[in-house]
Amino acid sequence: MSESKNNSKEIFSEIKFIRISLLFLTFFVLFAEVFLGYMIYKKRTEYFQIKVVFDKINSVVLDHSKAEGLIEVMERYGFETSEFIKAINSNDSQTIAKQLRDFTSFMREYEAKSMQGGFKFFMWVITVILLSMFLILLNFKGKYSRIQSFSMKLYEISRRISESLYIENIPTIQPETCKEESVLNAMIREANMRNEIVSYFRELPYVDTIEEYIKLVGEQVCSFFEVERFSLALISDDEVIAEEAYFSEPGHRAFLHKGFRQKLGETSLGKIAKEGLKYRIINDLRAVNSKSAELIVKEGFLSNLTVPAVVGGEVIGFFFLTSKEVNHFTEEDGKLFHIISLILSPKLFYALAIQNVVANFGESLVNLSEYRDNETGNHIRRVSTYAKILAEAMKLEPRLVREIYQFAPLHDIGKIGIPDSILLKPGKLDDDEWEVMKTHVMIGVRIIEDFVENSRKIMSGNSLKTAINLIRDHHEKWDGSGYPFGKKDAVNL
């Protein structure tokens, strides 16, 4: 009887210890959850505030008249603004641009330090939790199974936090001494893999045109997700308009061509944009009743994964991956493509912005010519239309057709450097006047080349290559009698 009582006391004492330990661990984890949740909320809030700052910087880059509104933001983050204010007051565009680049670098460093600090704090708290759990587990001895549910709770908490906060690769636990550490290491390896994928797509270069963007991104995502087609569509007013598709198989025939458009509200894409869905999977396109799905099926593709392209909280378009197989995409594919789209979307916006800047630049130069000579203005607009018709008849690639149409109006831009006495002379030019008139070709070339040189830090030298060729060669002739270089035959033109 006495031995039985002693055993009962030992068992009661052990159960009491387990209950107290579990209670302590429960309160500790609850406190850690609340505290970590608060810290994550602060970091997420700070992250979105920083993104707002970058949006403001982008708007000032495009319109220096908004620069004054950025002063308070700079001072809030501790950036020295005296030089920036001085540049605004003196309307010094070059200094304003330099200050914007310096502030952008400053904010990137600030963002990196902030995120790294949050990550280090997260790892410290997790380490404390794991260490506390490990010490108590040592005292539990053979009662490990009674707290297994707690271990799984801790694992789930760690998994959710690591998925949302990973910044750099997390070291695994070595050596593994229990099942939970093995499971935790598997979760860490998954987080590290996601981080490496994000880093890979982050390193993709910025390009200046939609066509270059589609080819660059298409090669990467088609290879990664093992699919054969990548495309995107852009939102314009209330319509969604398709761009050229990328096919992993060269020469694949397209049926859904660039320019195909539908009302956004009349498609399922409208629901994605309106409800803020992160992705959409269609396992069998043959079951979808829409013209676009019908054309894609005609191309030989059967399943689709769509994610929105979001910039500054606004949906500007959609990315599409399509496969020849039904049921090709999984929910994990959807989540991963969504993460990748957060990196691809700003690069898409950059290409659109550069293309828009170049188009507006050309339009402004055309308007400048009209101010001097209305006949020259009307002439260059007619030439633009003729050039497009000829380019399409020659079946040139879509990008070159667009650039020829876009830049053909610039062919006579050099005439702004010709004296009015010659440019506007009603009669025939004499020999000396004709020699002066012919210099408009190289004047125009120098105007565009100077623009390219001054813009080399934000756009590639190839962005206006077609424009330079059009200006330089628009008076050359097949028989070599043209000017300024007397080029002859197709080889030299």
Side-chain angles (χ1 to χ4, degrees), residues 62-65 90-97 208 354-388 390-391 400 402-488 492-493:
L62 297 177
D63 186 2
H64 284 183
S65 66
S90 61
N91 198 23
D92 185 352
S93 296
Q94 289 188 348
T95 303
I96 290 174
D208 300 338
I354 290 296
Q355 195 165 293
N356 190 50
V357 166
V358 170
N360 290 339
F361 169 72
E363 182 68 19
S364 297
L365 291 181
V366 171
N367 292 337
L368 181 62
S369 296
E370 286 185 319
Y371 291 145
R372 290 203 65 200
D373 177 11
N374 187 58
E375 179 56 33
T376 297
N378 293 331
H379 160 69
I380 58 182
R381 292 183 184 280
R382 289 193 298 270
V383 167
S384 178
T385 302
Y386 298 153
K388 181 183 179 183
L390 290 173
L400 192 54
R402 172 177 58 79
E403 289 181 345
I404 288 174
Y405 178 71
Q406 190 175 29
F407 297 137
L410 299 181
H411 71 279
D412 270 340
I413 192 60
K415 286 185 177 179
I416 64 176
I418 303 300
D420 287 348
S421 60
I422 296 176
L423 181 67
L424 305 179
K425 183 178 179 179
K428 183 178 179 180
L429 301 179
D430 61 32
D431 291 343
D432 291 337
E433 290 172 334
W434 179 240
E435 289 303 317
V436 174
M437 177 62 79
K438 289 196 293 185
T439 63
H440 80 277
V441 172
M442 294 312 299
I443 292 174
V445 170
R446 284 196 297 272
I447 289 173
I448 306 302
E449 287 180 341
D450 287 346
F451 177 79
V452 171
E453 175 64 21
N454 293 332
S455 307
R456 66 185 183 280
K457 291 186 178 180
I458 62 171
M459 58 192 292
S460 73
N462 292 326
S463 301
L464 290 170
K465 183 177 179 181
T466 299
I468 292 173
N469 290 340
L470 285 168
I471 295 169
R472 186 188 59 223
D473 295 339
H474 77 278
H475 278 295
E476 300 291 353
K477 296 183 179 180
W478 188 266
D479 62 3
S481 62
Y483 67 88
F485 302 110
K487 294 183 177 182
K488 186 178 181 181
N492 295 317
L493 287 177

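The two residues Ile443 and Gly414 come nearest to each other via the heavy atoms CG2-O, 3.6 Å. Closest approach of Ala467 and Leu410 over heavy atoms only: CB-CD1, 4.4 Å. Between Ile413 and Ile447, the shortest heavy-atom contact is O-CD1, 4.3 Å. In this structure, Pro484 and Val441 approach most closely via the heavy-atom pair CD-CG1, 3.8 Å. Here the closest non-hydrogen pair linking Ile471 and Gly444 is CG2-C, 3.8 Å.
Of the N and O atoms on the side chains of Ser481 and Asp479, at least one donor lies less than 3.5 Å from an acceptor on the other residue.
Checking side-chain atoms of Ser384 against main-chain N and O of Tyr405 turns up a donor-acceptor pair under 3.5 Å. For the pair Asp412 (side chain) and Lys415 (backbone), a donor-acceptor distance under 3.5 Å is absent. Of the possible donor and acceptor atoms, one in the side chain of Glu476 sits under 3.5 Å from a partner among the backbone N and O of Phe485.
With sequence neighbours excluded, no residue forms a ring-ring contact (aromatic ring centres under 6.0 Å, His included) with His64.
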After noting the C-alpha distance and the side-chain angles of Arg446 and Met442, does the key distance pass the side chain to side chain contact (heavy atoms under 4.5 Å, CB included) rule? CA-CA 6 Å; Arg446 284 196 297 272; Met442 294 312 299; 3.9 Å; yes
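Here the two rings, on His411 and His440, have centers that are 6.0 Å apart or farther.
Within the model, atoms CD of Glu403 and CG of Asn469 stand 10.0 Å from one another, a figure rounded to the nearest 0.5 Å. We find the OG-CG distance between Ser65 and Asn91 to be 10.0 Å, quoted to the nearest 0.5 Å. Atom NZ of Lys388 and atom CD1 of Ile404 lie 11.5 Å apart (nearest 0.5 Å). Annotation: the span from Ile422 atom CD1 to Thr439 atom OG1 amounts to 8.0 Å, rounded to 0.5 Å. Taken from OG1 in Thr466 to CD1 in Ile448, the straight-line distance is 12.0 Å, to the nearest 0.5 Å. Between the NZ atom in Lys477 and the NE2 atom in His475 there is a gap of 9.5 Å [rounded to 0.5 Å].
For the pairing with Leu423, the side-chain contact (heavy atoms from CB on, under 4.5 Å) check across Leu429, Ile418, Ile416 returns one residue only, Ile418.
Taking 4.5 Å as the limit, some side-chain heavy atom of Gln94 sits within range of a side-chain heavy atom of Asp92. For the pair Val383 and Pro409, the minimum side-chain heavy-atom distance is 4.5 Å or more.
Ion pairing between Lys438 and Glu435 holds under the 4.0 Å rule for side-chain N and carboxylate O. With respect to the salt-bridge test (charged N to carboxylate O, under 4.0 angstrom), the residues Lys487 and Asp473 qualify.
Other residues, nucleotides and ligands contribute over 12 non-hydrogen atoms within 6.0 Å of the OH atom of Tyr483.
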